[in-house]
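The structure appears right after this line, and notes come after that.
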There are 2 protein chains.
Amino acid sequence: MDGERNESVTILNLVPRPVRISGEGNVPFDGTVRTRIDASLPSEGYRLTTGADGAVEIVGGDEAGVFWGRQTLRQLLGPDAFRQSAQPAKGELPHVVIEDAPRFRWRGFMLDVARHFTPKSGVLRYIDLLAAHKLNVLHLHLTDDQGWRIEIKRYPRLTEVGSSRRRTKLGWGEPDLWDDRPHGGFFTQDDLREIVAYAAERHITVVPEIDLPGHMQAAIAAYPELGNTDVLDTAALGVKTDWGVNPHVLNAGDATLLFFEGVLEEVLDLFPSRFVHIGGDECPKDEWKASPAAQARIRELGVGDEDGLQSWIVRHFDRWLAERGRRLVGWDEILEGGLAAGATVMSWRGRDGGVSAAEAGHDVVMCPMQEVYLDHRQSDHPDEPVAFGWTKTLADVYAFDAVPPELAGTAHADRVLGAQANMWTEQTENQQRIDYMVWPRLAAFAEAVWSPSEGRDFGGFERRMREEHYARLDAMGVDYRRPGGPLPYQQRPGIPGRPFTSPKYDES
Amino acid sequence: MDGERNESVTILNLVPRPVRISGEGNVPFDGTVRTRIDASLPSEGYRLTTGADGAVEIVGGDEAGVFWGRQTLRQLLGPDAFRQSAQPAKGELPHVVIEDAPRFRWRGFMLDVARHFTPKSGVLRYIDLLAAHKLNVLHLHLTDDQGWRIEIKRYPRLTEVGSSRRRTKLGWGEPDLWDDRPHGGFFTQDDLREIVAYAAERHITVVPEIDLPGHMQAAIAAYPELGNTDVLDTAALGVKTDWGVNPHVLNAGDATLLFFEGVLEEVLDLFPSRFVHIGGDECPKDEWKASPAAQARIRELGVGDEDGLQSWIVRHFDRWLAERGRRLVGWDEILEGGLAAGATVMSWRGRDGGVSAAEAGHDVVMCPMQEVYLDHRQSDHPDEPVAFGWTKTLADVYAFDAVPPELAGTAHADRVLGAQANMWTEQTENQQRIDYMVWPRLAAFAEAVWSPSEGRDFGGFERRMREEHYARLDAMGVDYRRPGGPLPYQQRPGIPGRPFTSPKYDES
């Protein structure tokens with residue numbers, strides 16, 4: 001029976017919507033929760049039964065299933081269950097059996113902590129928010145041109161120099177506005193161990209990203225020898241203060257590869273995640289074209305051209321990670337020039353990368369910017385703050401399907417591990433601004449990746465949001481976008497946005 | 001025996017320093033903690049014993065004492081005990097008996113959430129930080145010219161209008177710099193109930209402040225009839241965007257008093273604190289001097305002049321609170337013009353207000369800006385961000401004594417309930433900036449108000465900080481000022497400060 005249609009269960013207002021709810025009426029609840037594992041249930045699946053004896057039973061396919069069942073119970077207990085002070089247990093629950101399991105095993109959220117640093121407490125808070133929505137991957141974009149946020153013991157200047165920038169560009173393009181205050185911060189290795197452990201206790205995997213060979217200006221600012229020193233004075237670069245695709249990239253010499261093997265050794269020590277993200281996106285080839293050293297390297301390796309060189313670097317780290325029992329994941333540019341067999345592709349520039357990768361036998365995680373980039377504007381209204389990208393309303397995100405139409409119904413669809421929503425933080429300088437862009441859209445995304453595609457109903461979702469889930473977000477202190485648009489302090493008048501007006505997908 | 005002098009106990013590195021530590025060697029710890037109450041111990045006091053049987057016993061004078069004992073145990077367990085992921089219990093503890101009790105019953109920290117809003121998660125985080133330092137009062141400065149942060153159900157415009165400002169002045173004076181982004185936010189009543197409950201679970205009282213009759217421009221922006229409408233067009237004021245003492249104040253009419261009785265009714269419903277702060281500071285009398293209505297009110301009440309009118313307003317709310325079983329607390333300006341018998345004075349402009357109030361039989365809380373205002377600069381170094389006020393090094397704050405020299409040894413000293421350190425947030429736009437100003441100085445303050453004045457030793461305190469307490473702050477994710485000064489991103493070059501160069505106290 002469907003949660004949206006049966007009167008006895010619509011009161012549950014669960015987000016994400018579970019697979020099946022049956023039952024009617026209410027039963028007392030005395031606070032007792034009995035849990036056990038039944039391996040015949042699906043991985044991460046659970047069956048929650050509210051008993052007439054006042055107890056709740058949660059049977060999980062595994063420990064994760066029990067945990068997600070507990071999240072469902074928390075929603076049944078009312079919005080106050082999401083507050084951090086002890087709450088009296090609700091005396092009554094709906095008399096139901098809820099059978100549930102996720103549609104996808106990779107239900108992710110990417111937080112860019114490089115462009116604007118989110119302190120540890122803010123990351124732990126996001127882990128709690130993900131857990132409440134049954135999302136199970138936190139992808140941390142730890143390094144970029146504008147900041148290096150992870151302590152690397154053997155290269156202390158990465159954070160000593162790379163974690164601070166002297167000022168920050170406001171908005172996109174003209175007028176040329178700046179926040180002239182320095183910005184920075186970084187996670188110590190102990191912080192990251194804590195974040196990983198805190199997430200693991202909530203059955204969330206933290207996937208680290210060290211984005212290379214582009215997006216590396218903060219590292220080059222710290223260690224100028226990592227850049228193309230035969231093309232420009234890399235010691236003069238500094239940590240980047242504005243936005244956009246950056247021509248200043250790593251050189252491809254052995255010493256640089258060795259440097260990043262050193263970085264990744266420490267990353268592997270901190271992050272048990274099987275998947276390790278090495279970026280690979282937006283690496284302009286201008287410097288390599290101008291660099292005698294890069295050209296010599298291309299000839300030496302016999303990789304043909306600059307694209308071949310980039311591809312060779314990616315394959316180098318793919319092999320390096322595989323030898324250590326890990327799997328490389330990268331942005332869809334890593335497809336260019338040939339991809340190592342075990343690599344996994346994050347399809348961000350659209351669906352095409354994911355489709356070709358899946359057809360070629362690679363695992364894929366779908367995060368097309370046209371559909372699930374949460375730094376994009378939430379409406380066409382002129383009050384939307386620093387309006388960027390394509391409009392993605394709550395309904396748009398709700399409609400997202402991780403399986404691209406080209407793969408639906410084919411054997412390749414199994415290659416889609418799942419999807420993630422990505423939050424880039426160029427224009428979101430604090431938790432309130434991040435919350436505004438992420439919520440409520442991440443709740444819609446959670447349903448898109450957890451709940452079965454049958455029975456998807458935006459009207460029903462909106463009703464559940466209105467009747468109870470906004471109150472849960474309130475209880476969690478989320479400064480979400482209200483259905484009516486931004487509150488005065490959520491607006492950013494005068495700061496130039498950059499809305500995209502081209503079609504989201506080329507329909508030709 | 002003194003924690004600083006005995007070798008067997010220096011390893012404890014406790015902050016704040018306990019009254020007495022005895023014992024030597026180590027014992028195993030199996031994670032067992034036995035607690036009980038012994039009413040013969042002092043209020044908030046405790047005796048912690050690590051037993052040879054692997055268990056720890058904490059005997060408290062009351063539940064608060066047990067809680068503070070648990071905080072001491074947490075420090076004994078090592079810095080990782082302050083991380084939020086589950087930590088394995090340490091297998092060994094020093095074999096000691098720790099006897100401890102606070103010197104003062106009011107060990108407070110004031111956070112200004114009006115000038116810059118700290119979201120709920122940030123306030124809960126500060127409550128955790130206070131608890132770890134055995135501080136027991138969180139004074140929330142909830143309203144000011146630049147923002148109204150508490151939902152009042154009967155006056156929704158207070159937050160609809162008063163919680164946002166359109167821009168924010170950077171620094172003090174020239175050059176005239178602005179952050180042109182709107183700023184705002186507020187706590188719902190449910191949020192405040194959660195904050196109060198979360199604090200109570202940690203034996204911390206939340207004291208609310210509604211600052212009147214000055215510092216009210218945000219309220220006047222929301223309800224222009226609250227201002228002196230016969231002097232200026234209060235509807236044109238808006239929420240204030242810059243800093244300093246503000247001439248625009250409340251009118252003293254019956255409707256305005258009634259309005260704030262309505263506000264306070266909701267405040268009392270949310271905050272069980274016996275003490276309720278009504279501000280009373282920095283209320284320029286220019287508008288009242290120019291206002292025919294205010295002049296008529298002065299004549300009608302027979303209060304002589306504008307100071308008499310302010311005093312009458314304070315006495316009005318003092319009586320109103322007393323009738324409801326609460327006690328008024330206000331800034332030391334409330335002494336001017338005569339003070340109601342039950343009122344408590346926060347002595348901020350120096351020690352004089354506290355001394356006169358105590359001598360006149362009032363309870364006092366000492367928070368002289370010369371000694372414990374944490375928005376004041378931490379060193380004379382030019383890199384200190386937006387250097388304001390008098391220099392207060394860590395050593396200066398450590399040396400603070402809540403009992404003014406004029407009262408020491410007199411019977412009036414008993415009127416000193418304790419002290420608090422105040423953090424005003426004009427120049428601290430986020431958690432990182434607030435952390436920088438507050439820490440490590442609040443750790444020194446905590447020792448000044450908890451530990452006995454005998455045995456005070458800054459060298460020993462510094463050693464405990466260096467050997468272990470900085471590591472605890474790291475574990476709690478506190479972005480404190482490093483002993484060497486601000487990191488690059490903690491600096492604010494080019495933003496004008498306003499250092500005070502006058503003597504802190506008039507020694508004449």
Side-chain angles (χ1 to χ4, degrees), chain A residues 79-80 83-87 117 119-125 128 147 160-161 163-166 170 177 179-188 190-191 193-201 239 385 429-433 435 471 474-477 479 486-495, chain B residues 79-80 83-87 117 119-125 128 147 160-161 163-166 170 177 179-188 190-191 193-201 239 385 429-433 435 471 474-477 479 486-495:
Chain A
D80 279 351
R83 295 197 179 268
Q84 291 191 57
S85 52
Q87 301 295 329
F117 180 61
K120 184 184 75 180
S121 57
V123 174
L124 298 180
R125 173 176 177 268
D128 284 333
E160 284 167 15
V161 173
S163 75
S164 286
R165 65 172 177 264
R166 68 188 174 87
L170 299 180
L177 304 175
D179 182 340
D180 281 312
R181 292 172 286 193
H183 175 83
F186 67 92
F187 304 114
T188 66
D190 284 340
D191 289 342
R193 282 196 190 89
E194 177 182 3
I195 287 169
V196 165
Y198 189 89
E201 289 163 11
V239 177
E429 67 278 7
N430 58 34
Q431 173 180 301
Q432 289 177 293
R433 284 280 296 126
D435 276 4
D474 284 330
M476 290 186 275
D479 207 351
L487 300 176
Y489 68 83
Q490 294 172 326
Q491 299 170 26
R492 288 292 178 269
I495 300 184
Chain B
D80 279 352
R83 296 197 178 267
Q84 291 191 56
S85 52
Q87 302 296 329
F117 180 61
K120 184 183 75 180
S121 57
V123 174
L124 298 179
R125 174 177 177 268
D128 284 334
E160 284 167 15
V161 173
S163 75
S164 287
R165 64 172 176 262
R166 68 187 174 86
L170 299 180
L177 303 175
D179 181 340
D180 281 313
R181 293 172 286 194
H183 175 83
F186 66 93
F187 304 114
T188 65
D190 284 340
D191 289 342
R193 282 196 190 89
E194 178 183 2
I195 287 169
V196 166
Y198 190 89
E201 289 164 11
V239 177
E429 67 278 7
N430 58 35
Q431 173 181 301
Q432 289 177 291
R433 284 281 295 127
D435 276 4
D474 284 329
M476 290 187 275
D479 208 351
L487 300 176
Y489 68 84
Q490 294 172 326
Q491 298 169 26
R492 288 292 178 270
I495 299 183

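Letters A, B, ... mirror the listed sequences (proteins, then strands); counts begin at 1.
- At distances below 3.5 Å, not a single donor-acceptor pair connects side-chain atoms of A/Q432 with backbone N or O atoms of B/P119.
- In this structure, chain B has a heavy atom under 4.5 Å from the side chain of A/L170, while its backbone stays farther away.
- Counting heavy-atom pairs under 4.5 Å between each of B/K120, B/R165, B/R181 and chain A puts B/R181 at the top.
- Side-chain polar atoms of A/Q490 and A/D479 form a donor-acceptor pair below 3.5 angstrom.
- Heavy atoms only, all atoms of each residue included: A/R492 and A/P385 are closest at CG-CB, 3.9 Å.
- Within the 4.5 angstrom heavy-atom criterion, atoms from both the backbone and the side chain of B/Q84 approach chain A.
- For chain A, the nearby parts of B/E194 are the backbone and the side chain; heavy atoms of each come within less than 4.5 Å.
- Separating the CZ atom in B/R166 from the NE2 atom in B/H183 is a distance of 15.0 Å, to the nearest 0.5 Å.
- Atom CG of residue B/D80 and atom OG of residue B/S85 lie 8.0 Å apart, to the nearest 0.5 angstrom.
- Neither the backbone nor the side chain of A/A199 comes within less than 4.5 Å of any heavy atom in chain B.
- In this structure, chain A has no heavy atom under 4.5 Å from any part of B/A200.
- By the side-chain contact (heavy atoms from CB on, under 4.5 Å) test, B/D474 is found to be paired with B/Y480, residues two or more places apart in sequence or in another chain being considered.
- Heavy atoms closer than 4.5 Å to chain B are found in both the backbone and the side chain of A/P488.
- Ranked by heavy-atom pairs under 4.5 Å with chain A, the list B/N430, B/V161, B/D191 is led by B/D191.
- Legend: residues meeting ring-ring contact (aromatic ring centres under 6.0 Å, His included) with A/Y489, ordered by chain and number and at least two apart, are absent.
- Between chain B and the residues A/D435, A/D190, A/V196, the most heavy-atom pairs under 4.5 angstrom are made by A/D190.
- If you measure heavy-atom distances from A/R125 to chain B, the contacts under 4.5 Å come from the side chain alone.
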